[in-house]
Amino acid sequence: MENIEKRYEKVPISIFSDADIASELIAKQVANLIREKEKAGEMCVLGLVAGSSAVGVYECLTALHKNGELSFKNVIVFNVNEYYPIEKDSYQSHYRFLYEYLFDEVDILPENIHLIPGDLDRNQISEFSEQYEKLITEVGRIDLLLLGLDGRGQLGSNEPGSMFSSRTRLITMDYSTRMGAASTFFGEENVPDHSITIGLGTIMDAKRVILMAWGEGKAKTIRKIVECDVTEMVPASLLQNHPNASFIFDTASAAELTRIKTPWLIGPVTWKDKLIRKAVFWLCDKLDKPILKLTERDYNDSGLGELVSQYGPANKINIKVFNDLQHTITGWPGGKPNADDTTRPERANPFPKRVVVFSPHPDDDVISTGGTLARLSEHGHEVHVAYQVSGNIAVFDDEVTRFLDFVRDIAPLYNFDEEKAQKAYEDTLQFFKHKKPGEIDLPYIAACKGAIRQGEARAACRYLGIPEERTHFLNLPFYETGTVKKAPISQADVDIIIKLLQEVKPHQIYAAGDLSDPHGTHRVCFMAILEALRQLKGEKWLDDCYLWLYRGAWQEWDVAEVQMAVPLNPEETRIKRMAIFKHQSQKDRPLFPGTDPREFWQRAEDRNNATAVTFDKLGMAEYQAMELFVRHHFEKE
């Protein structure tokens, strides 16, 4: 069965439920190799990558060392790549990353650390690259090379089209790669044009390679690497030819693989309701037919004969899936009073409900649930919006200057201290003049940026009819480091959420269910909510509480997973757009745009409109837009 299940895959892969479990496994494999080499009296040569994919691995290795279970004294390290030009102490440098996450925490000998410098003179790079390759050869090649994966299948900084025989060299990063790094550099204009990277030939020379990837954003690329032919346009596909390469993914990153996306094409499956819906929706999309027009032959000709034979005839399957999908659609996200709620996603009673909408950043609520928020408010529910982090690092410096300039101008009108207002303005201009990308703001500037985002959030809530006393700014401590790198979640974060939930005792909770958010903030915020609910287990009010998950600006739920779909008419779509517009500091060009050039309101509208089109094609009523939610069943007792 296992061979049949993996018949589309050209390499052996391992898929784990989440990145934490996978990272721990990788760390154990690295640790075992170090110990084996130590026992044999040999040095262990590691190739290390910098980046978010490796954070969990390095944290596990650090923990093993601090627990006295692992020494790095017999370890030699090389790194994979480095931005060029960049200073070693720059926040974004791979040199700094590796020291902060690993070298500073373990007992590795300084003379065994060989990193690519980003501050070489241009005329030194060629000679350095030759010496770097020579040194790798002299120590007996890399024993184990850890690699992450960029969006188009790059390994290190080897762009699509790189020669398979390439060695360490200076490479020009293309536009999409630079856009992908723009968040880390606080703007595309700050991203270096080049990188120094080991080559694909160097990678293939490593005795063992582990390629790790987490999150939905990598899913399409992983399918190309695992199921398609080797091509220079997807550099990581070359690892199909490596004699000892491991491919380790989480469930989200493996979502496009055949055995996960369309397992019925491989062999017999256990048909449960969710998988039946997924298969039917896939068939509708493949044939461009609505649900109720699918025929027996459509199923049989598309590899779904087993489904028809077990649960058919086709018309019976069609009607069940059609009704199930139709019952997810509701204009009453808080429940419709005095109505039969047997087939509705939400309970009729109690009405009105107490609702807490958790928003990781100060605009995620309106971007993802703006129409539903407006509907809940219109229906008279007691809606509370809880902003989990300040979002202060996502405010451009010139926004602070603009606000301080405003304060300076109105100071005489309100008898403010004009001298202090002027000094704050001048001090801020002076600080920004010499500030480096990624440098931590002065405390009063960070506070000013936080105040800007709070004001925008309040304006959006007022526009949607949510009073100021129901807007809560939690400012969870894990976020308030002043940089993109955040602290781990702590009990202090969880206690803040518990306090709010105990005060409101909600019947509904809405939360961002993103586990592969580009910055990780959504994931940490969601985990903090789940931990708070776990610690509240046994509270009587929790027995009558539903937890609904929405998605952030980066992706939408698969329709097969959805349990509540809230349709929006053109006027409600306009209201949602205007609520997003209240977040002016994020308008036009957000500080952390990702690779999508569209503004957040455009992403939201395009996504909601596309969802409505999907429902329409499946045979549902035609709506302007739709917001989708999945119910999360947490342990209550």
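Numbers here are sequence positions counted from 1.
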Contact summary for A394 and Q586, nearest pair of heavy atoms: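 Shortest heavy-atom contact: O-NE2, 2.9 Å.
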Partners meeting side chain to side chain contact (heavy atoms under 4.5 Å, CB included) with D20 (sequence neighbours left out):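 Listed in chain order: D18, R523.
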Using a strict cut-off of less than 4.0 Å between a Lys/Arg side-chain nitrogen and an Asp/Glu carboxylate oxygen, indicate whether [X] and [Y] qualify as a salt bridge.
{"X": "D150", "Y": "K218", "value": "no"}
{"X": "E256", "Y": "K261", "value": "yes"}
{"X": "K436", "Y": "E87", "value": "yes"}
{"X": "E227", "Y": "K10", "value": "no"}
{"X": "D558", "Y": "K278", "value": "no"}
{"X": "E130", "Y": "K134", "value": "no"}
{"X": "K435", "Y": "D397", "value": "yes"}
{"X": "E38", "Y": "K73", "value": "no"}

Mutual orientation of the aromatic rings belonging to H522 and H361 [parallel < 30°, tilted 30-60°, perpendicular > 60°]: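 H522 and H361: tilted rings.
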F164: ring pair (Phe, Tyr, Trp, His ring centres under 6.0 Å) partners, not counting sequence neighbours: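 Applying ring pair (Phe, Tyr, Trp, His ring centres under 6.0 Å) to F164 gives none.
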T177 and Q154 side chains, donor-acceptor separation under 3.5 Å: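 Looking only at side-chain atoms, T177 and Q154 do form a donor-acceptor pair, the distance falling under 3.5 Å.
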Pair F78 and Y132, ring centroids less than 6.0 Å apart: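 Yes, ring centres under 6.0 Å apart.
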Sub-6.0 Å ring centroid separation between H94 and Y83: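 That pair passes the under 6.0 Å test.
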Heavy-atom side-chain proximity of Y58 to F97 below 4.5 angstrom: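 With C-beta onward as the side chain, the pair touches.
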I196 vs N81 side-chain heavy atoms within contact, under 4.5 Å: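 I196 vs N81: side chains apart.
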Side-chain donor/acceptor of [X] to backbone N/O of [Y], under 3.5 Å:
{"X": "K207", "Y": "G140", "answer": "yes"}
{"X": "T231", "Y": "M233", "answer": "yes"}
{"X": "R96", "Y": "D89", "answer": "yes"}

